[in-house]
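Proteins come first, then strands; the chains are lettered A, B, ... in the order of their sequence lines, and each starts at number 1.
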4 protein chains.
Amino acid sequence: VIRPRAYLAVCGPGDATPAELGAAEEVGREIADSNAVLVCGGLGGVMEAACRGAARGDGLTVGLLPGADRSAGNEYLTLAIPTGLGELRNGLIVRAVDAVIAIGGAYGTLSEVALALKTGTPVIGLDSFDLPDMQQARSPADAVGLALATVA
Amino acid sequence: VIRPRAYLAVCGPGDATPAELGAAEEVGREIADSNAVLVCGGLGGVMEAACRGAARGDGLTVGLLPGADRSAGNEYLTLAIPTGLGELRNGLIVRAVDAVIAIGGAYGTLSEVALALKTGTPVIGLDSFDLPDMQQARSPADAVGLALATVA
Amino acid sequence: VIRPRAYLAVCGPGDATPAELGAAEEVGREIADSNAVLVCGGLGGVMEAACRGAARGDGLTVGLLPGADRSAGNEYLTLAIPTGLGELRNGLIVRAVDAVIAIGGAYGTLSEVALALKTGTPVIGLDSFDLPDMQQARSPADAVGLALATVA
Amino acid sequence: VIRPRAYLAVCGPGDATPAELGAAEEVGREIADSNAVLVCGGLGGVMEAACRGAARGDGLTVGLLPGADRSAGNEYLTLAIPTGLGELRNGLIVRAVDAVIAIGGAYGTLSEVALALKTGTPVIGLDSFDLPDMQQARSPADAVGLALATVA
């Protein structure tokens, strides 16, 4: 069994701007190219774009879905896992990963960032929030590089 | 059975300043005097001060504890409920209440504020975060008044 | 603040027989008369009957509801707490209490009994399952007595 | 992205008999050979044996761990996902899958079987419990065949 190099969350809004979607797709591709696993909330917007990028790099993607219905997951998920926890699944995403990459400024994303900072999981921001304990990335590749550097 | 008028969360740091503790105690007292139930994370700092205030007003207080040990709850809790969920119990607090009163600026508090805003639960800030969809209170009494106004 | 003597769960089907409902109501009354808190799933059937009994004894009742809607709770609850966890709230009920009283033989009840036995929480059966580590009660009063004896 | 044919849980004790371990390993191998994903609690005993079998068939295995530490997962997991939910993660396993294969008779397994039956997820028993709504398998291959038949 080959172990993944790292588990990285990509958190961002389901309703995203073109710039956010583009950044998310690049982040996903970089994660796949780094042999890391992408974990996300499994739905659309930033989550789907990141998974699409990872899928193009033949990466492994896991969606922890809020509802109980697997079919709500986006089409680029390797594994679509219904949790039935609603927004409490945000906390599961944080627990599942070694570091969080946050894109954009939605409240769901903020809850993930805050839980990660509370529990000591590194958070990298990419055009997202600017909180004292976050690291700020200059580009998608930089975001993944900073995230992997926290894991090594 | 007499139904509580409202369920209000008081969220704030376990390690708090004297000003935060004083505000929390007043908020707790106002909640009790309004015949509302105080829900919190059940530990020390702002949580304990709010419960102390509520207890002085003979109010009902519920602590949703992160661990599995009831004895970790502060001494002013009417009900100490171990959840064993760790920081994911923050999401349970938000689900349990009609409105959230946030005091101070800790990451755990931020996670509760963000989850509440994400799910449409009203959030009142008292010397806390300043996010677009929050209401800002001028005093402890104002905070409880604004919270109750969202419930009516 | 007066601490409850014990936290006891009453678990049983939402769709119950008259005998189960009668037993549940007596159990609830005995819990209230013992100054213990009754914790349950907050819905109808055995849960509602137990709460009705406790309410007649002026006892405190807590319903941990599966959905996100407080109004789904039965009318005899002192505190109706929506969790939004669906059937996973069964595990929260088990964590919240010092002992479990199981009535009847539904699958939801069985999940609570099994989780309790797995985690070392005492389980008292009243015309319910007969598993090796459970105690069997002869009557509602006996069930509450056995449950309280495990707490002392 | 190639979607898994099905998600199947293998539930059984961490402290298992040689016969249970042998059955679990065969079940895991059959799951992998069927292009299904094996989901389990991620620890030792039946969980580890099933993952070992799946790994020998180059199958994908997911462990939903009770604690917050990824390293507690067994060495045959493709993905080791810490949940920090303790025994409540048993409910997550049930939600994640299309059908449950139960091996042996431990209380944790019983909680998974009961939650699955409560929520309408098919349960196949292999020398395990005998509850009315379960199907009983005659062999590991039969167990996986029956589980896949419920998904089609």
Chain C: which of B:Thr61, B:Thr119, B:Leu77 shares the most heavy-atom pairs with it under 4.5 Å? B:Leu77
C:Ala68 portion near chain B, given a 4.5 angstrom heavy-atom threshold: neither
Carboxylate-amine/guanidinium contact C:Arg56 C:Glu25, below 4.0 Å: yes
Rounded to the nearest 0.5 Å, how far does SG of C:Cys11 lie from CG of C:Leu115? 10.0 Å
Tell me, for B:Leu85 versus chain C, whether the close heavy atoms (under 4.5 Å) come from the side chain, the backbone, both or neither. both
Taking atom CG of C:Asp33 as the centre, report whether more than 12 heavy atoms of other residues, nucleotides or ligands fall under 6.0 Å from it. yes
Report which part of C:Val62 has an atom under 4.5 Å of a heavy atom belonging to chain B: side chain, backbone, both, or neither. side chain
What part of B:Leu60 lies closer than 4.5 angstrom to a heavy atom of chain C: side chain, backbone, both or neither? side chain
For C:Asp69, does the CG atom have more than 12 heavy-atom neighbours from other residues, nucleotides or ligands under 6.0 Å away? yes
Hey, are the side chains of B:Thr83 and B:Leu92 touching, using non-hydrogen atoms and a 4.5 Å cut-off? yes
Give, as side chain, backbone, both or neither, the part of C:Asp98 having an atom under 4.5 angstrom from any heavy atom of chain B. both
When C:Val39, C:Val37, C:Leu65, C:Leu79 are compared by non-hydrogen pairs under 4.5 Å with chain B, the top option: C:Leu79
Counting heavy atoms not belonging to B:Asp142, are there more than 12 under 6.0 Å from its CG? yes
